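To start, the structure itself, in structure tokens.
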Amino acid sequence: SEFKGMSPDEFYINFKSKFNLVQKSETLKKQLITYLYHIFETELEYVEGFKDFYQKHILVPGIKTALVTNTERNIVNKIIEYTSIDKYFSTIITSDDVLKNKPSPDPYLKSMLKLNVDPKYTLIVEDSSIGIASALKSGADVVAIRTTLTNKQVISIDKKLKSFDKFDDISKFLTCS
């Protein structure tokens, strides 16, 4: 999870450094993508509670949604192939769609522009430290879902940020707000 949310360039630099790898980034990228595609095909699943959350808070009220990721488009397309996740989002912004990736706010600002929504009327659900930083800079309301971060890590990013263990908890929060 320490690599979650990194741009592709940052990921390969940090991955090679952590594991003392000397091979070229392009060679490593090809090997890792082959491995990732195998995992996507055999193990990839939705975060628990996502589909119910989507049905209740997105589909029924007709809310516009965006998937904003630091992942490259070709990898996102493979995820779509195995999960059909694109059916849950009005638009998808990948690392290939912006000049500056997260933690810059640009990916979120581009998604809001495409959806024709104002940041002050936008709620972003994020699960990585880099993504949270990006989301907060966008001017939107932000909540964290702790799929890979601890509460302590979320607090270290922003003490006022609301964070939740699962989508059911976000659902309860939205219902009570």
Side-chain angles (χ1 to χ4, degrees), residues 1-21 25-26 28-29 32-33 35-37 39-40 43-50 53 65-80 83 85-86 88-115 117 119-120 122-167 169-170 173:
S1 70
E2 71 186 88
F3 302 113
K4 189 169 186 134
M6 288 183 179
S7 70
D9 291 338
E10 289 175 302
F11 169 81
Y12 292 110
I13 290 167
N14 286 291
F15 191 86
K16 284 171 58 174
S17 174
K18 177 171 178 145
F19 298 107
N20 298 315
L21 300 173
S25 290
E26 280 305 310
L28 177 63
K29 182 178 180 177
L32 288 176
I33 286 177
Y35 178 69
L36 271 177
Y37 288 175
I39 289 174
F40 293 166
E43 299 177 31
L44 193 61
E45 4 180 274
Y46 289 94
V47 173
E48 182 183 339
F50 170 77
F53 178 87
T65 59
L67 172 63
V68 179
T69 178
N70 266 358
T71 304
E72 296 169 314
R73 174 66 64 182
N74 63 320
I75 296 173
V76 171
N77 287 343
K78 198 56 117 167
I79 292 169
I80 290 168
T83 66
I85 197 166
D86 57 324
Y88 294 100
F89 297 97
S90 310
T91 191
I92 296 175
I93 304 296
T94 71
S95 64
D96 297 324
D97 299 318
V98 291
L99 294 176
K100 293 187 208 167
N101 291 302
K102 299 175 190 179
S104 163
D106 291 3
Y108 280 112
L109 295 173
K110 181 166 186 162
S111 70
M112 290 180 232
L113 188 64
K114 282 186 84 171
L115 295 173
V117 295
K120 65 183 173 190
T122 301
L123 175 67
I124 297 172
V125 178
E126 245 306 340
D127 67 346
S128 73
S129 56
I130 290 171
I132 291 168
S134 173
L136 289 168
K137 291 178 203 168
S138 76
D141 288 324
V142 181
V143 297
I145 185 162
R146 295 185 304 261
T147 55
T148 57
L149 297 174
T150 65
N151 195 45
K152 185 176 179 181
Q153 289 170 313
V154 172
I155 290 169
S156 74
I157 299 166
D158 186 321
K159 290 182 173 89
K160 295 182 244 170
L161 186 65
K162 297 229 180 280
S163 68
F164 304 92
D165 288 320
K166 53 190 177 192
F167 275 102
D169 297 335
I170 299 173
F173 169 75

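Numbers here simply count residues along the sequence, with the first being 1. Model, not experiment: these values are computed from the prediction.
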Inset, instruction - Name all residues meeting the ring pair (Phe, Tyr, Trp, His ring centres under 6.0 Å) criterion together with Tyr12; count only those two or more places apart in sequence or in a different chain, and write none if there are none. - result: none
Inset, instruction - List in chain and number order the residues that pass ring pair (Phe, Tyr, Trp, His ring centres under 6.0 Å) with Phe19, two or more places apart in sequence or in another chain; answer none if no residue qualifies. - result: Phe15
Working to the nearest 0.5 Å, report the span between [atom1] of [X] and [atom2] of [Y].
X      : Y      : atom1 : atom2 : result
Ile132 : Lys102 : CD1   : NZ    : 10.0 Å
Asp169 : Ser163 : CG    : OG    : 9.5 Å
Leu67  : Ser111 : CG    : OG    : 9.5 Å
Phe11  : Lys29  : CZ    : NZ    : 11.0 Å
Leu136 : Leu161 : CG    : CG    : 6.0 Å
Arg73  : Asp97  : CZ    : CG    : 4.5 Å

Please name all residues satisfying side chain to side chain contact (heavy atoms under 4.5 Å, CB included) with [X], sequence neighbours left out, ordered by chain then number.
X      : value
Thr83  : Leu44, Tyr46, Ile79, Ile85
Lys159 : Ile155
Glu10  : Met6, Ser7, Asn14
Thr69  : Thr71, Val76, Thr94

Legend entry - Which residues share a side chain to side chain donor-acceptor pair (under 3.5 Å) with Asp9, sequence neighbours left out: none
Inset, instruction - Could you tell me which residues satisfy side chain to side chain donor-acceptor pair (under 3.5 Å) with Lys100, sequence neighbours excluded, listed by chain and number? - result: none
Answer yes or no: is there a side-chain heavy-atom contact under 4.5 Å between [X] and [Y]?
X      : Y      : answer
Ile92  : Ile80  : yes
Ile75  : Tyr37  : yes
Tyr108 : Thr122 : no
Leu115 : Thr91  : yes
Glu126 : Ile145 : no
Gln153 : Ser129 : no

Legend entry - Cation-pi, Phe40 ring and Lys78 (6.0 angstrom, 45 degrees): no
Sequence-distant partners of [X], salt bridge (Lys or Arg N to Asp or Glu O under 4.0 Å), two or more places apart:
X      : result
Lys110 : none
Asp106 : none
Asp127 : Lys4

Inset, instruction - For atom CD1 of Ile39, decide whether the heavy atoms of other residues, nucleotides or ligands shown that lie under 6.0 angstrom number more than 12. - result: yes
Legend entry - Pair listing, side-chain hydrogen bond (donor to acceptor under 3.5 Å, both in side chains) test, anchored in residues 131-144, at least two apart: none
Legend entry - Aromatic plane relationship, Phe164 with Phe173 - under 30° parallel, 30 to 60° tilted, over 60° perpendicular: tilted
Inset, instruction - Over all heavy atoms of both residues, which pair between Gly5 and Ile130 is shortest? Give the atoms and the distance, please. - result: O-CG2, 3.4 Å
